[in-house]
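Order of the sequence lines sets the chain letters (A, B, ...), proteins ahead of strands, with each chain counted from 1. Values below: every heavy atom of this structure, side chains too, minus hydrogens, waters and symmetry copies.
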Amino acid sequence: MTVRVRFAPSPTGSLHIGSVRTTLYNYFFARRHGGTLVLRIEDTDQDRLVPGAIDSIYDGLHWLGLRWDEGPREGGPHAPYVQSERLPRYQQAARELVEGGAAYFCFCSKERLAALRAQQAAAKQITRYDRHCRTIPPAEAADRALREPHVVRLKVPDGGTIGVDDLVYGRVEWPIETIEDQVLLKSDGFPTYHLAVVVDDHVMGITHVFRGEDWLPSTPKHLLIYRAFGWEVPPLAHFPNVLGPDGRKLAKRHGATKVEQFRTDGYLPEAMVNYLSLIGWAPGTEEEVFSAEELVAKWRIEQVQKAGGKWDRDRLDWFDGVWIRRLSIDELLRRLDPLVPAEWDRALLRRALPFAQERAKTLVELRDQLAFLFGDVAYATDLLVPKGHDGAATADALGRSARALRGLARFAHDEIEPALRRTSDELGWKMRDSSHPVRVAVTGRHAGPPLFDALELLGRERTLERIDRARALLNGGGTR
RNA sequence: GGCCCGGUCGCCUAGCGGUCUAGGGCGCUUCCCUUUCAAGGAAGAGGUCAUGGGUUCGAAUCCCAUCCGGGCUACCA
């Protein structure tokens, strides 16, 4: 049997980190088994639609390097892949269930339902539908359904238990009495999630249903629906949630949770894929830096964790640094390009890149470290003064450095270094102290790329200008 | 409230009855390297494996209970 798996986001906002992790696992599984990957858009809740969400899903997934075989824009043998365009199928399915006696029309108003719930809650009872409409004779119900607003509910059997052998969680069972007569078709003619997934997974020939842990509690509803149709239940697996620092499901209030955000923050898709894969899965060996290709080869569902995993930004940062260092300079330049102002000279940027590559955790950091080459720098005057020295001495040191630099035959690393070392000796300062003010004057920061290379890249003229300006600052703002 | 799931260093995790005086990575500390910061190298702190009972010659690993945390409980997904 050929593997067919799907990922099924709802277009209710831009792509969330948690659904990316689930998507990744589906992707690894499909690729490893030479199977087919389906993208299905689950937009059965018309109230929660967010315009542009499908674009965002496509952008995010493409950016991460994921490819799939069937979907809304790719087409495929089971098109359409957007649930709102498949309404007749769900309606037909619901009708079959009603005709077969496995489901029934319900005419209860939302008000009655709300009142019922309130009453049950007040009496500390389980809040669930009281099956009020279940006793309406089918012929009468069918007749009323022609002109009254209604939903279709599943006839849930009375006793016993129902269970699955989840590929991650193992055997899980539920008492059937805890499950209410689930709404399958809403009064607006749209299916609920429960009906739509079951119908689509079956009709689209999905062989393995992999989804987030949140769905585990609704699984018995789905099992009952499969049973009502007389369909076989595919193997199911639920993946543990990605958690925020407080242990609750990762959400907006925890900070950035959208892939899009990480893209603009300068993270590499390689790092996102690598890091995300490791929340809830571990290879059992001690390596942990993996490309998507390696993950396809290594990922095993048996190794998926049951416990939720916390999102750890520091760890992501570390992975991002690792991946930044792995890129060639040309590739790095290519990745950086969209984050860098058009005016920045790409040739100079390329020359500078090797000096920043080892020092950045994100592309944005990389860009910021090199910004001094492309525009003016700003810093607090105090920053110029090294520990243990004062402003006047610093101004003097800067002056001597400038003089040494001015006299160089060639303004290049191999000449700059000895010149500045000589100045340092002359001053009787430690090299770290004498180079500090030059570094700040030129780059605006106390930390960054190696100084001699930084100066060479900036060029003599601008270097001297900036040193002069720093001296002026130290001497009280005037220019001497 | 009900149903379900989970619980190994701050975080991600290895571990599947003896090889565990519990291993690795992130983060943290210290040192080396060094023009800064990183990167790299070395060392270190940090876990009574939630707790309490069993089972067993032997338990992080099996069973039970408790506690704590989470998810779900909609004509949301």
Side-chain angles (χ1 to χ4, degrees), chain A residues 8-12 42-45 47-48 106 108 110 113-114 117 120-121 124-129 149-153 166 168-169 172-175 177-180 182-188 190-194 196-197 212-220 238 240-241 243 245-249 275 278-289 303 305-319 321-322 325 355-361 365 369 386 417 420-421 424 430-436 438-440 443 445-454:
Chain A
S10 289
T12 53
E42 312 215 317
D43 60 345
T44 55
D45 185 357
D47 296 333
R48 295 210 311 160
C106 169
C108 293
K110 289 187 181 171
L113 261 17
R117 227 182 333 262
Q120 289 173 151
K124 301 237 172 177
Q125 289 171 333
I126 300 171
T127 54
R128 54 129 108 88
Y129 181 57
H150 61 275
V151 301
V152 173
R153 286 182 185 271
D166 188 277
V168 170
Y169 287 92
V172 185
E173 294 186 335
W174 297 264
E177 60 181 1
T178 61
I179 302 156
E180 72 173 346
Q182 192 58 38
V183 172
L184 300 177
L185 202 67
K186 307 187 233 181
S187 55
D188 64 359
F190 277 69
T192 57
Y193 170 83
H194 309 297
V197 248
E213 184 190 350
D214 324 27
W215 291 113
L216 192 53
S218 3
T219 299
H238 292 86
N241 281 150
L243 276 17
D246 59 357
R248 305 187 59 188
K249 213 165 58 162
Y275 171 61
L278 259 14
I279 305 180
W281 171 82
T285 61
E286 284 174 1
E287 325 142 75
E288 50 190 355
V289 177
Q303 296 170 320
Q305 204 81 6
K306 294 187 185 72
K310 284 182 186 161
W311 171 260
D312 179 356
R313 185 68 173 250
D314 283 339
R315 198 160 143 79
L316 201 221
D317 283 349
W318 180 75
F319 275 107
V322 168
R325 275 172 256 129
F355 304 110
Q357 183 173 210
E358 290 200 337
R359 273 159 259 266
K361 292 197 294 275
E365 270 185 29
Q369 274 181 34
E417 171 163 7
L420 289 182
R421 287 194 187 281
S424 175
K430 285 182 182 162
M431 186 61 191
R432 57 181 305 141
D433 289 339
S434 65
S435 64
H436 175 93
V438 179
R439 178 188 307 284
V440 173
T443 69
R445 301 168 162 232
H446 66 84
L451 185 59
F452 314 130
D453 301 296

message: Regarding B:U35, can its base be found pairing with the side chain of A:R421 as donor and acceptor, where the two atoms are less than 3.5 Å apart?
response: no

Any N/O donor-acceptor pair, A:S187 side-chain to B:C75 base, under 3.5 Å: yes

At 4.0 Å (heavy atoms only), tell me whether [X] reaches a base, stays on the sugar-phosphate, or touches nothing.
{"X": "A:F452", "answer": "base"}
{"X": "A:P9", "answer": "nothing"}
{"X": "A:E173", "answer": "sugar-phosphate"}
{"X": "A:K430", "answer": "nothing"}
{"X": "A:G321", "answer": "nothing"}
{"X": "A:E358", "answer": "base"}
{"X": "A:G247", "answer": "sugar-phosphate"}
{"X": "A:R153", "answer": "sugar-phosphate"}
{"X": "A:K306", "answer": "sugar-phosphate"}
{"X": "A:V172", "answer": "sugar-phosphate"}
{"X": "A:R439", "answer": "base"}
{"X": "A:R445", "answer": "nothing"}

Between [X] and [N], does any side-chain N or O lie under 4.0 Å from OP1 or OP2?
{"X": "A:Q305", "N": "B:A14", "result": "yes"}
{"X": "A:K310", "N": "B:C12", "result": "no"}
{"X": "A:R325", "N": "B:G40", "result": "yes"}

A:L420 and A:L451, any side-chain heavy atoms less than 4.5 Å apart: yes

Distance, rounded to the nearest Å, where [X] contributes [atom1] and [N] contributes [atom2]:
{"X": "A:R248", "N": "B:G71", "atom1": "CZ", "atom2": "P", "result": "5 Å"}
{"X": "A:E288", "N": "B:C26", "atom1": "CD", "atom2": "C1'", "result": "8 Å"}
{"X": "A:H436", "N": "B:U35", "atom1": "NE2", "atom2": "C1'", "result": "12 Å"}
{"X": "A:I279", "N": "B:C11", "atom1": "CD1", "atom2": "C1'", "result": "10 Å"}
{"X": "A:Y169", "N": "B:C4", "atom1": "OH", "atom2": "C1'", "result": "10 Å"}
{"X": "A:W215", "N": "B:A77", "atom1": "CH2", "atom2": "P", "result": "7 Å"}
{"X": "A:W174", "N": "B:G2", "atom1": "CH2", "atom2": "P", "result": "19 Å"}
{"X": "A:Q182", "N": "B:U73", "atom1": "CD", "atom2": "P", "result": "9 Å"}

- prompt: To the side chain of A:T192, which of B:G24, B:C76, B:C11 is closest?
  reply: B:C76

task: Taking only the side-chain heavy atoms of A:R359 (C-beta and beyond), determine which of B:C3, B:G24, B:A38 contains the nearest atom.
output: B:A38

Separation between the C1' atoms of B:A43 and B:C4, rounded to whole Å: 46 Å

query: Quantified in whole Å, what is the P atom distance between nucleotide B:G70 and nucleotide B:A77?
result: 25 Å

- line: Here the pair of heavy atoms bringing A:T44 nearest to A:F190 is O-CD2, 3.6 Å

- prompt: Do the rings of A:Y193 and A:W215 sit parallel, tilted or perpendicular, given the 30° and 60° boundaries?
  reply: parallel

- request: Before accepting this row, confirm whether a basic side-chain N of the pair A:D312/A:R315 lies closer than 4.0 Å to the acidic partner's carboxylate O.
  value: no

statement: Output for pair (A:S434 OG, A:R421 CZ), nearest 0.5 Å, gives 9.0 Å

